[in-house]
Student: 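Here it is, the structure in full.
Residue numbers begin at 1 in each chain, while the letters A, B, ... track the order of the sequences.
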Amino acid sequence: MDSFDFRDMERRWSPFWERMNLYATGQDPDSPNFYCLDYFPYPSGAGLSVGHCRNYIPTDVISRKKRMAGVNVLHPMGWDAFGQPAEEYAIKTGIHPAEVTRTNTDTYRRQMKLFEAGYDWSREIDSSSPDYYRWTQFFFLLLFDRGLAYQSDGFQMYCPACRIVLSNEEAAGGVCWRCSGSVTRKRLPQWYFRITDYAQRLLDDLSGLDWPEGIKAMQRNWIGRSEGAEVVFPVALPGGDTLNMPVYTTRIDTIFGATFCVMAPEHPDLQAVTTPEKRAEVSSYLKLVAARSDTDRQADTGRDKTGVFTGSHALNPFTGEKIPLWVADYVLGGYGTAAIMAVPGHDQRDHDFAKRFSLPILEVIAPEGVPRGVDEAATEADGILINSGAFSGLSSDSARHVMAEHAREKGFGHPEVRFRIRDWLVSRQRYWGAPIPIIHCAKCGPVPDRNLPVLLPDVDGFQPDESGLSPLARSTGWMKTTCPKCGGPGERETSTMAGFACSSWYFLRFASPGEKDRPFDPEEVKKWLPVDMYVGGAEHAVMHLIYARFFTKVMYDAGMVDFTEPFTCLKNQGMLLSYDHQKMSKSKGNVVTPDEVVEKYGADALRLYILFMGPFEAELEWSEEGISGTYRFVKRIWKLFQHPLEPAEPNPALQKEIRYNLAKTVRKVTEDIDSFQFNTAVAALMEFINFMASHRESAGSAAAEWDAARKDVLVLLAPMAPFIAEELWHRLGYPGETIHRAQWPVLKEDDLTQDTVEIAIQVMGKLRGRMTVPSGADNGTIEALALSNPRIAEILAGAKPRRVIVVPGSLVNIIP
RNA sequence: GCCGGAGUGGCGGAACGGCAUACGCGGUGGACUCAAAAUCCAUUGUCCGCAAGGGCAUGAGGGUUCAAAUCCCUCCUCCGGUACCA
C-alpha cells in the first residue's frame, strides 16, 4: 500500500492541469454559458488569509462542477489595483506604487494557485494598467457626454486620517469605510456622477434580482425614496422683500400644526433671512456648528438640540399665520430643501426643539379619532385631522393627497418624491488612480481630452499635501497643455478617479480582456453577461454594488449593452473569525494563511474544511481541530481506495444497497453544490465513504457496484478535493486524461426505490416503535401492521384507536 | 428607534410540517505500541432505572395541527446594517 503524500500529488497535478489548460474559458457553441465571478480584489500587501478562501474555494467548486456538467464556464480573476494602501506604502518606502502592486498581485496569484483556485489566467486584468484605465477614462467621458458627470464646489466628506475626500457611500455613518476614523467636512471643488438621476430605476430593478434580501434591503434603505410634498413658505425679509422658502415634508397632513420653521446652517438663504439684530447671534452659532465634526453632529440623536432665532417669520400658506424661522443643525443641509416646517405636536425632533425653546405645540392629528395630548411627547402615528380648517375630519392618508393637490392648485406647492441617495463624488486628490481626462480651459471651461489614455505621469513624491490638491498638480510639465477645443492654453484636471469607478465595469472587460479599440467586444458580452453567479463579502452592499448597477444602466441607455442589471445572482460568504474569536488582522497577529495550512494539511484538506465548517453565508471561526477532521477524511478515502477487492460469491442485497446509497449521494451532492450548501455536500460524501469503509471486506461480492461507486464518488469529490480525486482516478485506471473532464454522474432514479422501508410508529405523536414494511404497501396494510405490532398493542391495551394517520413511506400516528 | 439575519448536545452544525441532534470536532473506554503519535473498534443530549423502558429537551411564553426546531402571535438575547433624511 502506497502511503498518502499530498505534497507529491500537488507537485504532480498542478503543473499537469496547467499544461492541459484545464481552466480555459469554455468555447463550445452547442453548450450553455456560465459566468462565475468573484469580487474584484484589491491586492493588499498582507496577502490572502484563509478567510479569503471562503470566497474563492466555493466559486471554484461551482465552476468545476459546471464544467463537468458540460457547461462553458468563464471564471476569471483580476486586480482592483489602484488605491490608497499601495500609495501609502510608496510614500513610506519610496517604492513606486506600480511595483508594490506587482509584488502584491504576484503573491495573490501564487496563493490562489496554492489551493488550486482554477481561474482562466489568460484573461487576467489589472485596473492600474493603461490598457485598462484608458477605458475607465472612456466611461468617465461617456458619463460627461451624457450630462452625468459634473463639477461642483461644496462641502465634502473628508477623512483627515486618509487625507482623502469620500463619497457618501464611503462615509456612511460618519465613518471612513477604509480606516473607520471619523469624517469631517471640507469645501473643495469636486467631480460627481449624477447617480441620483437613476435612483428610481436602481430601486425598481432590485425586485427582480436573486440577491440576499438583506443586501436588497440595504440598497432600498440607502436609496431612501420618500413620497411627500414641497410647500413654499414665503418669508418677509428684513429689507422688505419676500423670499419664497420651499420646505419638503412627508407629513403635509400635519401642516396646521406647524408652529415654526427651521433652516439648516448650510442653507444658502440663511444670511438673507437673518435680521440685523440677530446677525451676531446667528454667526456665533454657525461657528459653533462648524467646530463640531459630522459624527458629533449626527451620531448622538438623543442629545439636546441647539438653534437660534433668525429674527424673520415665515407664512404658513395653509393657515395664513406667521411663524418664527429658526436655524438649527438638526436640519441637514444636504437633504430635501435644507429647510423644514416644524410640527412639534407630531414629530418628536420638533417636539424636543419646541420644548427647549418654549415654542407652541399644537395637536392636529387624532390617532384612531381620539386626541391624546401632545404636551409630553409628539404623536407620530397617522389618524384623523383635527384643528385643520376645511381639512379636519380627513384621514392622514387621504389628507396627504388632498392637501398636496390643494397646494398645487393654489400654486404654493406640489406632491414630490425625494431620494436620500446623493450624487457620487468620484474625484480624489491622489496619485494612484485613473486620471480624470479633462482639460480646463479659461475660455471653454472643462473640455474632454479624448486622446486616451491620459497616462499617469511620473512624479517626485506621492505625498498628498494640505493644499487639497493631488500630487499630480506638482507635475507642472504634465499639467500644462493645450485646450483640444480652442488650442489655447489649458490645464489638466489633476484629480484621479475613486477606485470604485474602475470596479464599476471590470466584469465586462473579462468577456474580451484583450480588446484594443473598445472597452469590450459586444458579441462576447452578449455571450457571457450578465454575470450568472457573483460572490463576495457583504461589506459592499452599498458602494461597489450600487455603482456597478448605475454604470450598467448608463451603458444600457447608451446602447452599449442589452441588459440593465449586471449581476443576476449574488451570494455573500460569511466572515471567518480567527481561533481567538476575533477578526483576523495583522496587528492582532492572529492571521491564518493558506500557505501554512496547505503546507501542513494539503490543499484538499483546506478546501474541504472551508466548505464543511458551516453554512456558506454564516460567520464562522477557524479551528485547528476542525481541519484535522477533513485531513483525516482525505486519508480515510486514500486508505479505502487502497483496499483490494477480494473475489467472493455475489450478494444481491449488498449490490442493491450500494446502488441505493450511491444514488442518494449523487442526488444530495449535486443538489447541495448547486444550492451553495457545501457543508452538507461534504457531509454526504463522508457518510458514503463511511458506508463503503464498513463494507470493504465484502466488496468482492458486489464487484461491479463497488467499482461504479468508487468511480462516481471520485467524480463527486473532484470539484471539492481535486488532487486526491485526480490521483485515485489515474491509479484506478479510469478513462480520460483527467477526472476534471469526466462526466458528472447522472442520477439513477430507479436505484432510489427500495424493496422495504422502515416506518416509525407513533402513539399520540410520541415515537413508540418501528417496523419494516414492503415499500409499495398501501395505507390500510401499514395501519393493520402497526396495530398488530406487539409493543403497540400492549400500549393500546385493546382500545380501538379513534384515528390513524399514515404518512406513506415515513410514519404512522395512532390516536387512541 | 428602524431594517435585515440568527438563537438546536461540551463545540461547529444537520433536519425548515412527519423518527430532533446527520456529518465533523471534542470526551470516555478498548485494540495496536516498550511508550507516544498515527490508525482502528466501541460509546457519548439530559434525568430516572440493574435492565426492559420511561420522563424532559431546539432562547421564553402562548396558539394552530393527529404531528411544530420548522407555521402564526407576544417577548427576550445576540450579530450585521442604518440612524435628527423632515
Student: In whole angstrom, what separates Leu611(A)'s CG from rC23(B)'s P?
Tutor: 19 Å
Student: Checking all strands, does Asp350(A) fall into the base, sugar-phosphate, or nothing category for heavy-atom contacts under 4.0 angstrom?
Tutor: nothing
Student: Rounding to a whole Å, what distance do you find between Asn679(A):CG and rC16(B):C1'?
Tutor: 14 Å
Student: With respect to the side chain of Glu213(A), which nucleotide from rC40(B), rG81(B), rG5(B) is positioned closest?
Tutor: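 Ranking rC40(B), rG81(B), rG5(B) by closest atom to the Glu213(A) side chain puts rG5(B) first.
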Student: rC11(B) P sits how many Å from Trp622(A) CH2, rounded?
Tutor: 21 Å
Student: Flag the pair Phe633(A) / Phe612(A) as yes when their ring centroid distance falls below 6.0 Å, and as no otherwise.
Tutor: no
Student: Between His695(A) and Glu697(A), is there a side-chain donor-acceptor contact under 3.5 Å, judged purely by atom types and distance?
Tutor: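 No donor-acceptor contact under 3.5 Å links the two side chains.
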Student: Under 4.0 Å, counting only non-hydrogen atoms across every strand here, what does Gly336(A) touch: a base, just sugar-phosphate, or nothing?
Tutor: nothing
Student: Under a 3.5 Å limit for both distances, which nucleotide forms a Watson-Crick or G-U wobble pair with rC2(B), could you say?
Tutor: rG81(B)
Student: Pairing donors with acceptors under 3.5 angstrom, does anything connect the side chains of Asn779(A) and Glu783(A)?
Tutor: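 No, Glu783(A) and Asn779(A) have no side-chain donor paired with an acceptor closer than 3.5 Å.
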Student: Just call it for Lys216(A): base, sugar-phosphate, or nothing, with non-hydrogen atoms closer than 4.0 Å on any strand.
Tutor: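 Touches nothing.
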Student: Counting heavy atoms from C-beta on, name the nucleotide in rC23(B), rA14(B), rC84(B) closest to the side chain of Pro615(A).
Tutor: rA14(B)
Student: Glu687(A) has a side chain; which of rU39(B), rA86(B), rC23(B) sits nearest to it?
Tutor: rC23(B)
Student: Classify the ring geometry between His544(A) and His540(A) as parallel (under 30°), tilted (30 to 60°) or perpendicular (over 60°).
Tutor: perpendicular
Student: Please classify the nucleic acid contact of Leu811(A) as base, sugar-phosphate, or nothing, using heavy-atom distances under 4.0 Å.
Tutor: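 Here Leu811(A) touches the bases of the nucleic acid.
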Student: If you look at every strand shown and take non-hydrogen atoms under 4.0 Å, does Asn813(A) touch a base, only sugar-phosphate, or nothing?
Tutor: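 Answer is base: heavy atoms of Asn813(A) come under 4.0 Å of a base.
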Student: Please classify rG12(B) as syn or anti, treating any glycosidic angle within 90° of 0 as syn.
Tutor: anti
Student: Of the options rC25(B), rA22(B), rA86(B), whose atoms approach the side-chain atoms of Ala683(A) most closely?
Tutor: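 Nearest to the side-chain atoms of Ala683(A), counting from C-beta on, is rA22(B).
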Student: In plain terms, say whether Arg400(A) and Glu227(A) are close enough for a salt bridge, that is, a side-chain N and a carboxylate O under 4.0 Å apart.
Tutor: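 No, Arg400(A) and Glu227(A) are not salt-bridged.
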Student: Just the rounded figure in Å: distance from C1' of rC40(B) to CD of Glu697(A).
Tutor: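 Rounding to the nearest Å, CD of Glu697(A) and C1' of rC40(B) are 12 Å apart.
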Student: Report yes or no: do Tyr579(A) and Ser623(A) form a side-chain donor-acceptor pair below 3.5 Å?
Tutor: no
Student: Any idea which of rA15(B), rC40(B), rC84(B) is nearest the Tyr330(A) side chain?
Tutor: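 Closest nucleotide to the Tyr330(A) side chain: rC84(B).
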Student: Hey, is the side chain of Arg251(A) poking within less than 4.0 Å of OP1 or OP2 on rA86(B), counting only N and O atoms?
Tutor: no
Student: For rC56(B), give the paired nucleotide (Watson-Crick: N1-N3 plus N6-O4 or O6-N4; G-U: N1-O2 and O6-N3; both under 3.5 Å), or none.
Tutor: rG45(B)
Student: Rounded to the nearest angstrom, tell me the gap between atom CZ in Arg225(A) and atom P in rA86(B).
Tutor: 13 Å
Student: Starting from C1' on rG4(B), measure out to CG on Leu570(A) and report it in whole angstrom.
Tutor: 15 Å
Student: In the structure shown, which nucleotide is the Watson-Crick or G-U wobble counterpart of rU33(B), with both distances under 3.5 Å?
Tutor: none
Student: Looking at every strand, decide which applies to Arg632(A) at a 4.0 Å heavy-atom threshold: base, sugar-phosphate, or nothing.
Tutor: sugar-phosphate
Student: Knowing that exactly one of Trp622(A), Tyr631(A), Tyr601(A) qualifies, which makes a ring pair (Phe, Tyr, Trp, His ring centres under 6.0 Å) with Tyr609(A)?
Tutor: Trp622(A)
Student: Can you tell me the distance, in whole Å, between the CD1 atom of Ile215(A) and the C1' atom of rU82(B)?
Tutor: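 After rounding, the gap between these two atoms is 13 Å.
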Student: Kindly confirm or rule out a cation-pi arrangement of Lys305(A) over Tyr330(A), judged by NZ or CZ under 6.0 Å from the six-membered ring centre and within 45° of its axis?
Tutor: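 Geometry flag: set, cation within 6.0 Å and 45°.
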Student: Would you check if the distance from the ring center of Phe500(A) to the ring center of Trp424(A) is below 6.0 Å?
Tutor: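 They do not qualify: ring centres at least 6.0 Å apart.
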Student: The side chain of Ser628(A) lies closest to which of these nucleotides: rG26(B), rC3(B), rA14(B)?
Tutor: rG26(B)
Student: Any side-chain N or O of Asn572(A) less than 4.0 Å from the OP1 or OP2 oxygen of rG80(B)?
Tutor: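 No.
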Student: Would you indicate what Ser226(A) reaches in the nucleic acid, counting non-hydrogen atoms under 4.0 angstrom: base, sugar-phosphate, or nothing?
Tutor: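 Answer is sugar-phosphate: Ser226(A) comes under 4.0 Å of backbone atoms only.
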Student: Can a cation-pi geometry be assigned to Lys571(A) and Phe676(A), taking NZ or CZ under 6.0 Å from the six-membered ring centre and within 45° of the ring axis?
Tutor: yes
Student: When you measure from the side chain of Thr680(A), which nucleotide among rA14(B), rG24(B), rA86(B) comes out closest?
Tutor: rA14(B)
Student: Give Ile761(A) one of three labels, base, sugar-phosphate or nothing, depending on what nucleic acid heavy atoms sit under 4.0 Å from its own.
Tutor: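 The residue Ile761(A) makes no contact with any strand.
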Student: What is the nucleic acid contact for Gln348(A), judged by heavy atoms within less than 4.0 Å: base, sugar-phosphate only, or nothing?
Tutor: nothing
Student: Check nucleotides 42-53 of chain B for protein N or O atoms closer than 3.5 Å to its own N or O atoms and list the pairs.
Tutor:
residue	atom	partner	partner atom	Å
rG53(B)	O3'	Arg791(A)	NH2	3.2

Student: Counting only side-chain nitrogens and oxygens, does Arg636(A) get under 4.0 Å of the OP1 or OP2 atom of rG24(B)?
Tutor: yes
Student: Can you tell me the distance, in whole Å, between the CZ atom of Phe676(A) and the P atom of rA14(B)?
Tutor: 16 Å
Student: On the nucleotide rC56(B), are OP1 or OP2 found under 4.0 Å from the side-chain N or O atoms that Lys766(A) carries?
Tutor: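 Answer yes for this pair, as a side-chain N or O of Lys766(A) is under 4.0 Å from OP1 or OP2.
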